[in-house]
Protein chains: 2
Amino acid sequence: MESTAYTKRLLTYRLSLSHLKEVGLTDVFSYLIAGETGISAALVRKDLAQLKVKGKRRGGYEIDVILDAINNYFGDNTINRVVLAGMGNIGRAIVNYKNFENRRIKIVAAFDLDPAKQRKKYDVPVYPMEKCPDIVDKYRVNVAVIAVPAFSAQTVCDRLIQCGIRGIMNFAPVNLKVPDHVYISNVRLCDELQQVIYHSTKTNQ
Amino acid sequence: MESTAYTKRLLTYRLSLSHLKEVGLTDVFSYLIAGETGISAALVRKDLAQLKVKGKRRGGYEIDVILDAINNYFGDNTINRVVLAGMGNIGRAIVNYKNFENRRIKIVAAFDLDPAKQRKKYDVPVYPMEKCPDIVDKYRVNVAVIAVPAFSAQTVCDRLIQCGIRGIMNFAPVNLKVPDHVYISNVRLCDELQQVIYHSTKTNQ
DNA sequence: GGTATATTGTGACAATTTTCACAATTTAAA
DNA sequence: TTTAAATTGTGAAAATTGTCACAATATACC
Ligand SMILES: NC(=O)c1ccc[n+]([C@@H]2O[C@H](COP(=O)([O-])OP(=O)(O)OC[C@H]3O[C@@H](n4cnc5c(N)ncnc54)[C@H](O)[C@@H]3O)[C@@H](O)[C@H]2O)c1
Ligand SMILES: NC(=O)c1ccc[n+]([C@@H]2O[C@H](COP(=O)([O-])OP(=O)(O)OC[C@H]3O[C@@H](n4cnc5c(N)ncnc54)[C@H](O)[C@@H]3O)[C@@H](O)[C@H]2O)c1
């Protein structure tokens with residue numbers, strides 16, 4: 001029903017509103033959010049209406065009410081457990097990242113085929129891929145991050161899905177094939193950077 | 001004129017086509033690209049038409065012709081120099097990443113305020129931020145990656161723009177304010193993961 | 001050479017998304 | 001208490017994006 005564009009906008013609102021709140025505001029007008037996010041004021045209002053957040057005519061919206069609604073929308077009241085495949089450069093960055101906790105996201109385990117990485121102490125335990133079924137089952141994990149090299153991404157992906165994973169954030173530059181019930185988000189850092197390069201050289205001058 | 005959705009699809013095609021080429025194919029049909037990328041065959045054909053790539057009725061498209069057209073579209077004939085701000089977890093991953101070279105992208109320098117990082121040997125030299133004007137000027141850099149903590153992102157951003165940067169890939173969870181002529185791409189890893197969690201728990205069962 | 005078949009290329013259409021514009025309503029001020 | 005000003009909420013219009021369906025045409029096969 002809700003488009004992913006909508007979902008994405010909600011997260012953008014949350015970011016700006018958290019910031020405005022830290023700065024000391026308690027209420028906002030739609031045009032203020034618009035200025036902060038680059039999303040038009042009318043669309044902000046439509047989104048808030050869809051979220052069932054009510055504003056006061058002439059008084060604006062309460063930041064906390066919006067934030068609660070967004071957090072509630074994303075089900076931040078439960079802890080979301082995630083596993084990681086590939087404890088390389090990207091994998092380590094993810095595992096070291098402290099901010100996931102604020103979102104109630106917890107990386108419970110990582111998998112890597114390199115035995116050296118399994119022995120080393122990171123913020124999360126590193127297992128061989130064979131442990132995947134056990135771990136996913138034990139912690140009731142739904143979501144995985146794939147940060148293995150491109151050539152093994154599909155294999156790892158298949159395996160994760162076999163263990164019951166239903167959502168994947170994928171860093172490997174491949175178009176993974178997955179069954180319908182699995183949601184995939186591809187983070188294409190190369191493509192992203194290439195787009196920036198493209199658009200910044202096309203811009204005036 | 002061209003939407004960013006279109007530009008993004010081109011990069012998706014490139015990924016799949018490179019793969020199909022490696023596998024030994026030389027020609028493709030629109031429905032093959034569709035199957036590989038999840039983009040509908042009709043839209044693939046429209047995109048290729050817009051790219052001015054001609055297919056043969058009943059014969060399909062030549063992979064190399066498409067790849068050349070896409071590469072040409074993105075101006076891959078020149079080397080694109082990029083600087084990085086923030087040599088932390090993400091910054092190191094970016095700098096270590098070998099694949100950028102294939103896209104003719106070169107990270108020429110990094111900036112970090114930590115003197116320890118400046119002394120250490122990485123694949124690219126690390127300078128204090130003060131060196132920014134010199135470096136950007138010397139290497140004629142247009143594009144930057146921001147991988148500093150959120151609270152210093154806006155400052156770093158302003159500084160980069162002052163030095164002449166016109167495109168930014170930003171990892172910090174803030175809505176940066178930039179002048180119109182600067183193109184920004186926000187890589188919101190937290191949001192991305194949150195969306196995966198959201199969509200994967202909403203999917204049937 | 002003729003016919004059947006497969007695939008492109010595209011105009012018309014459908015759906016979705018966003019903007020526009022303004023009535024409804026609240027608040028502040030006079 | 002009245003009036004003026006500000007802002008939401010939302011239907012209608014516009015814009016954008018993608019799908020459908022099929023004519024055009026190239027190829028393969030008989
Ligand atoms: N680093 C970047 O900036 C960057 C940018 C764009 C894309 N990527 C992509 O992200 C992915 C990860 O990149 P990286 O730089 O962290 O790579 P990396 O080589 O540093 O790490 C990969 C890790 O995966 C492990 N691994 C390999 N095969 C495995 C398997 N079958 N099962 C489990 N673990 C396995 C390796 O032992 C290694 O620890 C790659 O696909 C890369 O193309 C990375
Ligand atoms: N690591 C992740 O998985 C992850 C996920 C989502 C978002 N992010 C965001 O990406 C950014 C980088 O994350 P990270 O994990 O690499 O952080 P990090 O703390 O590992 O690295 C930040 C680096 O920036 C440097 N720095 C700080 N202030 C600076 C300044 N003013 N000028 C120049 N350099 C400065 C620090 O010395 C450090 O080396 C952060 O904004 C973070 O919120 C990271």
Side-chain angles (χ1 to χ4, degrees), chain A residues 1-13 16-17 20 25-70 73 175 180 186 191 195 199 202, chain B residues 1-13 16-17 20 25-70 73 175 180 191 195 198-199 202:
Chain A
M1 211 231 127
E2 311 97 345
S3 67
T4 55
Y6 167 70
T7 324
K8 198 168 165 181
R9 284 196 301 273
L10 293 188
L11 292 167
T12 305
Y13 300 147
S16 288
L17 291 170
L20 292 175
L25 292 192
T26 58
D27 300 82
V28 283
F29 304 126
S30 59
Y31 63 78
L32 223 169
I33 301 182
E36 203 69 13
T37 60
I39 297 161
S40 81
L43 188 49
V44 169
R45 292 199 297 275
K46 281 237 156 114
D47 284 342
L48 292 180
Q50 186 174 345
L51 244 195
K52 304 260 186 297
V53 168
K54 299 250 183 289
K56 288 200 196 112
R57 293 187 195 230
R58 195 161 175 174
Y61 302 87
E62 268 185 66
I63 291 184
D64 278 337
V65 171
I66 305 181
L67 285 177
D68 284 354
I70 295 178
Y73 178 90
N175 291 313
D180 277 351
N186 289 299
D191 289 2
Q195 289 225 45
H199 285 108
K202 294 289 162 185
Chain B
M1 211 229 128
E2 314 96 345
S3 65
T4 56
Y6 167 71
T7 323
K8 197 167 168 182
R9 285 197 300 275
L10 292 188
L11 292 166
T12 305
Y13 300 147
S16 289
L17 290 170
L20 292 175
L25 292 193
T26 58
D27 299 82
V28 283
F29 302 127
S30 59
Y31 63 78
L32 223 168
I33 301 182
E36 203 70 14
T37 60
I39 297 161
S40 82
L43 187 49
V44 169
R45 293 200 295 277
K46 281 234 159 121
D47 285 344
L48 293 181
Q50 186 173 344
L51 243 197
K52 305 260 186 298
V53 168
K54 300 249 181 293
K56 289 200 196 111
R57 296 190 191 230
R58 191 153 182 181
Y61 302 86
E62 269 185 67
I63 291 184
D64 279 336
V65 172
I66 306 181
L67 286 177
D68 284 354
I70 296 178
Y73 179 90
N175 289 315
D180 277 351
D191 290 2
Q195 290 226 43
Y198 177 74
H199 284 109
K202 294 290 161 182

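So that the names make sense, note that chain A is the first sequence line, chain B the second, and so on, each numbered from 1. Any value given below was found using the heavy atoms of this structure, including those in side chains, with hydrogens, waters and symmetry copies removed.
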Residue whose nearest DNA chain C nucleotide is more 5′ - Ala42(B) or Phe29(B):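 Upstream on the strand: Phe29(B).
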Nucleotide nearest Ala49(A) when distance is taken to its side chain, options dT7(C), dT10(D), dT8(D):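 For the Ala49(A) side chain, the nearest candidate turns out to be dT10(D).
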Closest listed nucleotide, where the reference is the side chain of Lys56(B) and the choices are dT10(D), dT27(D), dT10(C):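 From the listed options, dT27(D) comes nearest.
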Plane angle bin for Tyr6(A) and Tyr73(A) - parallel if under 30°, tilted between 30 and 60°, otherwise perpendicular: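 If you compare the ring of Tyr73(A) with that of Tyr6(A), the planes turn out perpendicular.
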What is the distance, rounded to the nearest whole Å, between atom [atom1] of [X] and atom [atom2] of [N]?
X	N	atom1	atom2	value
Arg45(B)	dA24(D)	CZ	P	16 Å
Tyr31(A)	dT8(D)	OH	C1'	12 Å
Asp27(A)	dT8(D)	CG	P	11 Å
Leu43(A)	dA13(D)	CG	P	20 Å
Lys8(B)	dG18(D)	NZ	P	11 Å
Leu51(B)	dT8(C)	CG	C1'	16 Å
Leu32(A)	dT8(D)	CG	P	10 Å
Gln50(A)	dT10(D)	CD	P	12 Å

Sugar-phosphate, base or nothing in reach of Tyr6(A), heavy atoms under 4.0 Å: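 Nothing, no heavy atom under 4.0 Å.
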Base of [N], side chain of [X] - is there a donor-acceptor contact under 3.5 Å?
X	N	result
Arg58(B)	dA28(D)	no
Arg57(A)	dT26(C)	no
Lys46(A)	dT19(C)	yes

Heavy-atom closest contact (Tyr61(B) atom, Arg45(B) atom, distance):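 Smallest interatomic distance, heavy atoms only, reads OH-CG, 3.7 Å.
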For the student: nearest non-hydrogen atoms of Gly60(A) and Phe29(A), plus distance: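 Closest heavy-atom pair between Gly60(A) and Phe29(A): CA-CD2, 3.5 Å.
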Short side-chain N/O contact from Ser40(B) to OP1 or OP2 of dG18(D), under 4.0 Å: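 Answer no for this pair, as no side-chain N or O of Ser40(B) is under 4.0 Å from OP1 or OP2.
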Distance below 4.0 Å between Tyr61(B) side-chain N/O and dA26(D) OP1 or OP2: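 Negative; the distance criterion is not met.
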Distance, nearest 0.5 Å, that separates CG of Leu20(B) from CD1 of Ile63(B):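 Reported to 0.5 Å precision, the distance equals 5.0 Å.
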Side chain to side chain contact (heavy atoms under 4.5 Å, CB included) partner of Leu17(B), the single match among Ile66(B), Leu32(B), Asp64(B):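 Answer to the side chain to side chain contact (heavy atoms under 4.5 Å, CB included) test with Leu17(B) among Ile66(B), Leu32(B), Asp64(B): Ile66(B).
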